[in-house]
Structures are given as C-alpha cells and as structure tokens.
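Remember, it's 1-based here, ligands and their atoms both numbered in the order they're listed. When a residue number appears, it is its place in the shown sequence, counting from 1.
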Amino acid sequence: MPFIDCHCHIDSPAFDVDRAQVLKNAKALGVEQMMIPGLHLSQFSELLSLKNDYSGTAYPRLDIAFGLHPYFLSENNIAGNIEHLLSKFCKYCTQYESSIVAIGEAGLDAKTPIDMQDQIAILVAQIDVAKVLGKPIVLHHRQSHNELIRVLKQKKFTGGGLIHAFSGSFEIAKTYVDMGFVLGIGGTITYDRSQKTRKTLRRVYEELGDEHLVLETDSPDMPLFGFQGQRNSPERIPLVAKALSRVLAVDIEHIALSTSKNYSRVFSSPTS
Ligand SMILES: [Zn+2]
C-alpha cells in the first residue's frame, strides 16, 4: 500500500544515529514519499543535501520545503532584523525554486513569546513568496486559526497547501478546504481527547468528500497513543492510516490511495 508522510522532520538530530535505516524501514512499509518542511534559514542547505544523499530507490522520495517556523524566530534573531531575514529567505527560495515543493513550515503560534505582529509580518512575506513562485504553503497553527484565516483571506491566497496537524471544528476545516488546503492527520487522532477533531473529520469526509485529508507523523514529535515519550517515526504512518480508517469507517486501502492522491494534487513534484 502506498503511503505519503506529508510532514516529517527526518532531518532532526533525533535521527542522526539511524536516519538511513529509518528511511529504509519506512519505504519497506510502503512509505513512498515524504515532505521535510523548512524551519529556519541555516537548515536549508542541510535539507538540500539530505534530498540528495537519500535519493536512491531504497528510500522514500524526499520532498523539501523552505519556511520560517514561528518557534525558530528567536533563533533567527529577528529583533530589528526582519527585513534582512526576509530578503535572505526570498533569495534562497528563488535560487532553489526548482528543488522545493512548497513554502513552509510557516504559521502563527499564540503560545510562543514572539510578538504576534512580527509573526504576521513574517507569515505575510512567506505568503508573498509562495504567490510569486506559484507554490503551496505548509501552515502551523496553535490557537491561531482565526488569525491565520484572516491573513490568508486578506492576502487572497489561492495556492492551497497543508494545514499541518489539523484540529478544530467543521466550519474551520471547511474554510481551509474552500481555500484549497488539505488537512494533515497525525497521531493525535489516536488519543481520547481528540473526539472533537475525529467528529470534524467524519463530517469532512461525509459532506466534503475524500479529497481533503493527508497523513503525517510530524516525527520525531506527536507520538501515537501507546508510544508516548518515544521518538515518533515515519515507520508509524501505516498506524496513522489505520487509525483514520477506523475513525472514518473505510478500508485502509482507500485511506492510503486517497491521501496519497490528495498530497500529489496539492504538491506537484519539483523539476529537480
Ligand atoms: Zn513541523
């Protein structure tokens, strides 16, 4: 069964000891492709070499994206320096346009100490780059759906992309779907506390069809229920698919096929 892990930080130091093996195992389990999102400028060259180093058929196909994640903004030393950061970001994205499938992981996080207006300025700049390059965008949210939707609408962004680790109401899901986004479904649906999101997903599936969900692990984060405290891995994608198949009461084969198709529709492969 072909699976795609649409959000996996396989470049994380958590995989330094056994990255090649994890990728091989994932491929053997059917994970044909995965996307590694960008987090901060100094990581981008690493992503390019990773894509290159693991390009053999023993590994899943690695898609990469360049983005500025709100968690890493302090690291980028944004104080009085946003313009410089953004111009460097633009340059990188333009230079490697053909190697990236998307812009992101961008977004808004109400829980980080970074000023929300600064976060919005940096998000808006990334939306502009996505528009200019004709790329979709990968979005992180944390208690920020309303603000995120407001910014996307204000920018009239129609390029679509991924709402990473979706959780929320049917109305919010539908708003994103109407804007061309797919919703990333990961290990959180295996927990009891995710009842509201599971209900939303059932409604999305029944009322909007099977074209809006994709699978993700967010490895090494977001462990599935039963694996708390352990490193998450793209090897667990079949378990996420199984959990989603239970939530929606459809075959796992259908989940594998439809989520892979949905990913490919939104993120067309780069030319190099
Ligand atoms: Zn992430």
J.: Distance check below 2.8 Å: does His9 bring an N, O or S atom to the Zn ion (ligand 1)?
T.: yes
J.: Only N/O/S atoms count here: what is the atom of Glu105 closest to the Zn ion (ligand 1) called?
T.: OE1
J.: Cluster question for you: counting only ILVMFWY and a side-chain heavy-atom cut-off of under 4.5 Å, with indirect links fine, are Val240 and Phe227 together?
T.: yes
J.: Roughly how far, to the nearest 0.5 Å, is the CD atom of Glu83 from the NZ atom of Lys88?
T.: 14.5 Å
J.: Hey, what's the ring geometry for His69 with His140, parallel, tilted or perpendicular (30° and 60° as the breaks)?
T.: tilted
J.: Do you know which two heavy atoms are closest between Ala256 and Phe3, and how far apart they sit?
T.: CB-CE2, 3.7 Å
J.: With respect to the Zn ion (ligand 1), what is the nearest N, O or S atom of His7?
T.: NE2
